[in-house]
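Comments concern the structure below.
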There are 2 protein chains.
Amino acid sequence: MQQTAHRARSQRWQGALAVLRHVHAHPAATRADVARALGLSSGSATEITARLKAARLVAEADPRPTGERGRPSPALVAHPRGPLVCVVDIGHEHWRVATVELGGGIAGLESGRHADRDAGAVLARLRGRVAAVRRRYGPRVRAVSVAVAGTVRGGTVVQASGMGWSEVDLQLLPSGSRTPLLVGNDASLAGLAEARRGVGAGARVVLHLTVEVGVGGILVVDGRPVDGATGAGGEFGHMPFGDPARACPCGAHGCWDLEVDGRAMARLLGQPPPRDPRTAAERALRAAAGGDPSARAAVAAAARALGRGVGGLVNALDPDMVSLSGLAIDLAATAPDELNAGYLAGLMRFRRAAPPPLLTSTLGPLSPVTGAAEAAFDVLLTEEGLESWLATAG
Amino acid sequence: MQQTAHRARSQRWQGALAVLRHVHAHPAATRADVARALGLSSGSATEITARLKAARLVAEADPRPTGERGRPSPALVAHPRGPLVCVVDIGHEHWRVATVELGGGIAGLESGRHADRDAGAVLARLRGRVAAVRRRYGPRVRAVSVAVAGTVRGGTVVQASGMGWSEVDLQLLPSGSRTPLLVGNDASLAGLAEARRGVGAGARVVLHLTVEVGVGGILVVDGRPVDGATGAGGEFGHMPFGDPARACPCGAHGCWDLEVDGRAMARLLGQPPPRDPRTAAERALRAAAGGDPSARAAVAAAARALGRGVGGLVNALDPDMVSLSGLAIDLAATAPDELNAGYLAGLMRFRRAAPPPLLTSTLGPLSPVTGAAEAAFDVLLTEEGLESWLATAG
DNA sequence: CGGAATATGCTCGTGGTACGAGGATAAAAG
DNA sequence: CTTTTATCCTCGTACCACGAGCATATTCCG
């Protein structure tokens with residue numbers, strides 16, 4: 001039963017891979033659903049699921065009574081000894097280390113606040129947590145995937161101003177380890193998760209935007225993130241939608257960032273530049289909600305600037321919908337009319353009859369974790385990934 | 001030898017399709033090249049090429065002496081009775097109707113100037129030319145693909161202000177015809193061509209930008225155009241990079257369009273808004289090249305505005321390179337320092353050490369034709385397209 | 001309560017595709 | 001003219017999916 005090596009490159013396991021991808025994307029799917037969706041005959045479904053079960057990739061849950069006629073179909077779920085991804089989420093204040101299985105289920109989750117934001121200290125702690133996960137699960141951990149609140153290029157953090165980092169190499173694995181390490185921006189990964197499993201599920205082209213300190217996000221087309229040549233795509237906050245005279249810490253001028261976040265609101269309120277723009281924004285939003293007219297005006301201006309930029313991005317990128325997250329949700333809640341007015345004014349006329357809806361993202365604070373897991377499974381659910389799993393686990 | 005219907009959905013002809021796509025993308029490739037690139041055994045290559053030859057999809061040219069050692073390998077080329085695409089290019093002033101074969105070779109080309117720019121008149125003439133192509137080649141014509149100088153959404157022209165069109169349905173085929181009709185923006189399709197076969201060949205992420213009246217273009221990732229939910233993506237000229245007080249004919253304000261084209265230069269020269277911004281721009285560029293200081297200043301400002309916007313787009317989209325076309329080439333030639341200064345100033349600091357190069361596109365005026373043919377072959381080189389070809393031609 | 005209707009799962013024979021080894025072929029190099 | 005290099009062809013083998021036929025599990029309905 002020894003299989004030849006080269007064969008794998010062409011079509012071997014292609015059907016199994018398609019099934020596996022479908023199971024991952026639709027965790028509740030029954031075997032019959034999968035067969036229908038993929039156009040498989042029931043014979044093929046039988047054979048493929050048998051192979052996937054033998055390879056410890058999927059398991060079949062007891063069929064649950066659906067109330068429908070016909071023979072009940074077992075649901076395909078992650079195998080209890082199947083592949084896992086270790087996800088690390090590095091925020092400005094907090095960290096998370098999660099273990100995610102096929103289908104997106106979270107098998108384990110730890111979190112905490114940074115005791116010391118220094119890169120060395122943060123990474124030392126996270127290395128320990130990752131090592132613990134790998135000790136516990138052994139070779140089931142197929143990848144480590146990091147979501148970090150900073151600009152990422154080619155696997156390293158170029159800048160994470162919230163933590164005072166610049167040019168940090170995220171060495172989270174012992175040197176020499178062959179486990180792949182993936183790194184992405186947290187807002188972009190959150191957008192990937194929203195597009196696939198959140199508010200964007202079903203839409204083909206999703207523009208995700210989040211406001212925290214500045215604006216981040218991602219365009220997701222057919223479930224694939226448009227993250228550029230080096231993974232640094234999605235830095236929409238550094239498009240020059242603002243006042244060309246205003247310098248941005250990024251080095252450019254007139255960045256959109258400076259018009260919509262806590263820095264913008266503080267400026268509009270006549271306050272000095274805030275040390276922590278996130279809480280400054282929250283303060284302004286609370287004051288505006290409480291009826292303070294000058295806060296109201298500042299929030300309105302930020303909302304309008306947000307809407308105007310979204311309009312420009314929609315003109316250029318033509319999404320089916322826009323998913324809003326972070327402070328953008330609060331801006332939309334506090335100043336919906338201004339956001340909408342800015343959005344419509346920014347759109348080309350022909351788009352105004354039926355503009356892509358601005359929708360609130362639904363996945364919550366774990367969305368970067370989910371997105372990082374998605375990115376990792378994208379790598380694992382390939383022929384190479386499968387081959388490697390079969391070699392170790394088969 | 002009757003083949004079952006369902007089989008085709010899974011992996012039938014998958015290998016042949018991969019070969020066909022490779023041949024299309026690499027017209028000069030020998031059979032050995034293809035086998036190597038796709039990891040095919042020589043036996044498989046033999047079988048697949050035999051099948052493709054029998055299906056009148058590819059032919060093998062006489063092996064040419066290469067001067068290298070070893071048995072010469074025949075080149076795989078388009079079959080002389082293989083599938084064709086009828087391409088229609090509708091510019092502001094001119095039209096073209098081309099017949100393109102697999103691999104991108106142009107088998108026939110007609111062109112002319114619009115006698116009357118009215119949509120009805122233009123379409124009537126083009127319908128005639130398309131009908132002539134279809135009469136001549138019969139069922140070999142598998143698709144009609146249109147590149148039009150206007151905003152396209154979902155297969156119809158929303159607006160083509162250069163010709164005074166709005167909401168034009170491009171009915172170029174007799175009603176009831178089953179031949180697929182594809183429609184795209186000319187600048188976006190030109191960018192697709194440049195990314196695949198022009199200056200962007202080899203790059204994974206290409207941002208193509210062209211200046212004519214306003215700015216158009218496309219982002220191409222892994223050879224796939226990022227053209228949005230309705231095909232209207234790439235309207236980069238309507239991002240608000242300019243003065244927010246300035247109204248754009250598109251309905252929005254502050255569009256980049258208004259800062260870089262002939263309208264911008266006329267404005268900077270204190271002239272009234274030109275009826276034909278294209279020739280106004282050419283006039284200003286000529287005057288600047290001739291040494292006129294005020295024209296020089298106007299061109300410099302437009303070049304700087306172009307560079308600044310390109311910087312913002314690079315920040316957000318992270319391409320490997322930027323391909324410039326149309327008047328952008330002239331701006332780059334006339335005011336290279338200003339363009340570059342604007343570009344670098346618009347980039348985030350971490351990008352400035354190795355910014356994506358701004359390169360001049362290479363395909364020339366036929367690039368929209370090539371791009372439209374590419375878009376059509378993308379549809380034809382699928383299982384459905386192949387199946388349909390085999391049904392009629394097999 | 002029991003047969004009909006419905007939906008799904010399993011078995012097995014068949015066909016299509018790719019592999020890989022071995023030999024044949026066509027050019028350049030020595 | 002022989003050797004080297006690179007390619008092409010033939011053929012036996014393996015794998016995967018199909019589809020028909022039958023088995024199984026549930027709901028519906030008289």
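Chain letters run A, B, ... following the sequence lines, proteins first and then strands; every chain starts at 1.
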In residues 42-51 of chain B, what donor-acceptor pairs under 3.5 Å come from side-chain atoms, sequence neighbours left out?
from     : atom 1 : to       : atom 2 : distance (Å)
Ser44(B) : OG     : Ser41(B) : OG     : 2.8
Thr46(B) : OG1    : Arg31(B) : NH2    : 3.1
Thr46(B) : OG1    : Ser42(B) : O      : 3.0
Thr49(B) : OG1    : Ala45(B) : O      : 2.7
Thr49(B) : OG1    : Thr46(B) : O      : 3.0

*Does Ala147(B) have any side chain to side chain contact (heavy atoms under 4.5 Å, CB included) partners at least two apart in sequence or in another chain, and if so, which?*
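So Ala147(B) forms a side chain to side chain contact (heavy atoms under 4.5 Å, CB included) with Asp89(B), Asp186(B), Leu189(B), Pro368(B), Ala372(B).
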*In chain order, what residues pass the side chain to side chain contact (heavy atoms under 4.5 Å, CB included) check against Asp320(B), with sequence neighbours excluded?*
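Side chain to side chain contact (heavy atoms under 4.5 Å, CB included) list for Asp320(B), sorted by chain: Ala229(A), Ala203(B), Arg204(B), Val205(B).
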So what does [X] hit on the nucleic acid, given a heavy-atom distance under 4.0 Å: a base, only sugar-phosphate, or nothing?
| X | answer |
| --- | --- |
| Gly15(A) | sugar-phosphate |
| Arg64(B) | nothing |
| Ser42(A) | base |

Under the side-chain hydrogen bond (donor to acceptor under 3.5 Å, both in side chains) test, which residues partner [X], sequence neighbours left out?
| X | answer |
| --- | --- |
| Arg69(A) | none |
| Arg142(B) | Ser388(B), Thr392(B) |
| Arg136(B) | none |

Could you tell me the separation between the [atom1] atom of [X] and the [atom2] atom of [N], rounded to a whole number of Å?
| X | N | atom1 | atom2 | result |
| --- | --- | --- | --- | --- |
| Glu60(A) | dG9(C) | CD | P | 8 Å |
| Trp13(B) | dG15(C) | CH2 | P | 19 Å |
| Leu38(A) | dT8(C) | CG | P | 15 Å |
| Gln14(B) | dG15(C) | CD | P | 22 Å |
| Arg36(A) | dA7(C) | CZ | C1' | 9 Å |
| Leu17(A) | dA17(D) | CG | P | 11 Å |

*Residues that His79(B) engages under ring-ring contact (aromatic ring centres under 6.0 Å, His included), provided they are two or more places apart*: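 So His79(B) forms no ring-ring contact (aromatic ring centres under 6.0 Å, His included) with any residue.
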_Side-chain ion pair, Glu374(B) and Arg197(B), N-O less than 4.0 Å_ =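 Looking at Glu374(B) and Arg197(B), the cut-off is met.
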_What I want to find out is whether Arg196(B) reaches Asp378(B) closely enough, with some N-O distance under 4.0 Å, to be called a salt bridge._
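Salt bridge: yes.
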*Which residues satisfy the salt bridge (Lys or Arg N to Asp or Glu O under 4.0 Å) test with Arg64(A), sequence neighbours excluded?*
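With sequence neighbours excluded, Arg64(A) shows a salt bridge (Lys or Arg N to Asp or Glu O under 4.0 Å) to no residue whatsoever.
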*Please name all residues satisfying salt bridge (Lys or Arg N to Asp or Glu O under 4.0 Å) with Arg71(B), sequence neighbours left out, ordered by chain then number.*
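Expected list: none.
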*Looking at residues 20-29 of chain A, who's got a heavy atom less than 4.0 Å off DNA chain D?*
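Going residue by residue through residues 20-29 of chain A, none turns out to have a heavy atom under 4.0 Å of DNA chain D.
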*What string of B, S and - do you get for nucleotides 25-30 of chain D, 5' to 3', if B is base contact, S is sugar-phosphate-only contact and - is no contact with any protein heavy atom under 4.0 Å?*
BBBS--
*When you measure from every atom of DNA chain C, which of residues 44-52 of chain B have a heavy atom less than 4.0 Å away?*
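Ser44(B), Glu47(B), Ile48(B), Arg51(B) - these, ordered by number, are the residues of the stretch whose heavy atoms sit under 4.0 Å from the strand.
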